[in-house]
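What follows is one structure encoded as structure tokens, with my remarks underneath.
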Amino acid sequence: MAEGIISRPIRRLWWAGGHPQAIRVLRVVRENPRVSTLILDARMEAQPGQFLMAWLPGYEEKPFSLAEADPVTLTVARVGPFSAALHALQPGDRLWIRGPLGRGFTLEGQRILLVGGGYGVAPLAFLARQAIARGMAVTALTAARRAEDVLYADRFQALGASVVVATEDGSAGERGRAPEVAARLLGSDSYDALYGCGPEGMLEGLRALAAAFGIPAQLSYEAYMRCGIGLCGSCEREGIVLCLEGPVLRFG
């Protein structure tokens with residue numbers, strides 16, 4: 001177990017390793033030229049930060065964070081053949097899924113800062129909805145390279161979160177990378193907890209910030225997951241099997 005990570009009992013779902021279920025696509029939302037959101041004709045009991053395994057005939061299963069559980073929603077960036085096939089799906093087409101899997105976020109405190117990099121914002125919008133329903137104050141930082149890559153800003157605003165946009169080239173919102181802008185936010189206001197999802201370099205920056213400001217952090221790490229149930233070890237990181245003990249890890 002890596003230093004600074006707080007261990008919790010692993011919760012195993014009895015059917016998580018079973019056969020995928022065929023689910024119809026209800027709606028497709030084109031977020032930008034590289035990113036689409038698939039809304040499926042299914043609902044599941046799940047925590048923000050958990051994931052599911054998705055499959056299409058002719059492809060290997062891949063993990064995707066839940067952007068919402070009711071209805072099941074996935075936000076997918078087109079980065080390879082399988083994600084391109086997902087982008088080609090239309091309403092009425094079928095996608096095979098199994099889940100929810102892994103360990104998600106746990107809400108704590110009353111004022112929280114959410115930091116999403118690129119399409120890492122998807123599970124954080126799910127988390128924001130639950131937090132705001134509990135009366136918590138939520139600040140959501142959505143960061144990207146360019147203005148056209150910014151995701152979910154309107155969605156966070158519609159939920160009632162305070163929204164901050166950051167781009168590396170300054171074409172929208174504040175100029176800077178996510179950890180830089182998060183440092184300013186943490187320095188200018190008081191937060192009870194920090195939540196993050198995005199590239200690993202960003203998450204390590206957030207982990208250092210949380211330690212510096214003395215607040216707990218819950219960070220969702222991406223990993224190559226082949227089985228999703230802890231059998232293959234492909235997602236091991238710092239002695240942790242992320243598909244079981246993560247993908248959300250708590251620090252501080």
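All residue numbers in this chain count up from 1 along the given sequence.
The backbone N or O of Arg34 lies less than 3.5 Å from no partner atom in the side chain of Arg78, so there is not a single donor-acceptor pair. In terms of modelled atom types and a separation under 3.5 Å, the side chain of Thr167 and the main chain of Ala172 share a donor-acceptor contact. Although no hydrogens or angles enter the test, the distance criterion places a donor-acceptor pair under 3.5 Å between the side chain of Thr142 and the main chain of Leu151. Put simply, the side chain of Arg43 never gets that close to the backbone of Pro71: no donor and acceptor are under 3.5 Å apart. Under a 3.5 Å cut-off, the side chain of Asp192 and the backbone N or O of Arg111 do form a donor-acceptor pair.
Smallest separation of non-hydrogen atoms from Leu203 and Leu219: O-CD1, 3.4 Å. For Leu113 against Ala182, the heavy-atom pair with the smallest separation is CD2-O, 4.3 Å. Of all the heavy atoms in Ala144 and Val150, the pair that sits closest is CB-N, 3.8 Å. Nearest heavy atoms, Trp96 versus Ala22: NE1-CB, 3.4 Å.
Among residues two or more places apart in sequence or in another chain, the side-chain contact (heavy atoms from CB on, under 4.5 Å) test is passed with Ala211 by none.
Under the 4.5 Å side-chain heavy-atom criterion for ILVMFWY residues, a single connected hydrophobic cluster contains both Leu194 and Phe213. Note on Val28: it does not cluster hydrophobically with Leu26, by side-chain heavy-atom contacts below 4.5 Å among ILVMFWY residues. Note on Ile39 and Leu159: separate hydrophobic clusters, where clusters join Ile, Leu, Val, Met, Phe, Trp and Tyr whose side-chain heavy atoms are under 4.5 Å apart, directly or indirectly. Hydrophobic cluster membership is shared by Ile97 and Val25, with clusters built from Ile, Leu, Val, Met, Phe, Trp and Tyr side chains linked at under 4.5 angstrom.
Between atom CD of residue Gln218 and atom CG of residue Leu114 there is a gap of 10.5 Å, rounded to the nearest 0.5 Å. Taking OG1 from Thr37 and OH from Tyr152, the interatomic distance works out to 4.0 Å, rounded to the nearest 0.5 Å. In this structure, OG1 in Thr106 is found 5.5 Å from CD in Gln47, a value given to the nearest 0.5 Å. The OG atom of Ser162 sits 11.5 Å away from atom CZ of Phe156, with the distance rounded to the nearest 0.5 Å. From Arg24, atom CZ reaches atom CG of Leu40 across 12.0 Å, with rounding to the nearest 0.5 Å. Taking CG of Leu74 as the reference point, atom OG of Ser83 lies at 12.5 Å (rounded to 0.5 Å).
Considering Arg146, Arg175, Arg177 as possible partners of Glu168, the one that fulfils the salt bridge (charged side-chain N to carboxylate O under 4.0 Å, His left out) test is Arg177.
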Walk me through whether Met44 and Leu52 qualify under side-chain contact (heavy atoms from CB on, under 4.5 Å).
CA-CA 11 Å; Met44 58 177 60; Leu52 55 74; 4.2 Å; yes
Full working for side-chain contact (heavy atoms from CB on, under 4.5 Å) between Lys62 and Phe51:
CA-CA 10 Å; Lys62 299 288 185 182; Phe51 67 98; over 6 Å; no
Full working for side-chain contact (heavy atoms from CB on, under 4.5 Å) between Val76 and His87
CA-CA 8 Å; Val76 180; His87 273 232; 4.2 Å; yes
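More than 12 non-hydrogen atoms from other residues, nucleotides or ligands lie less than 6.0 angstrom from CD of Glu204. Counting non-hydrogen atoms of other residues, nucleotides and ligands closer than 6.0 Å to CZ of Arg27 gives a total of 12 or fewer. Heavy atoms from other residues, nucleotides or ligands lying under 6.0 Å from CG of Asp70 number more than 12.
Glu31 is listed as a side-chain neighbour of Val29, based on a closest heavy-atom distance under 4.5 Å.
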Using atom types as modelled, flag every donor-acceptor pair under 3.5 Å from a side chain in residues 123-140 to any protein atom, sequence neighbours excluded.
unit_1	atom_1	unit_2	atom_2	d
Arg129	NE	Glu68	OE1	2.9
Arg129	NH2	Glu68	OE2	2.8
Thr139	OG1	Tyr191	OH	3.3

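By the 30° and 60° cut-offs, the orientation of the rings of Phe82 relative to Phe64 is tilted.
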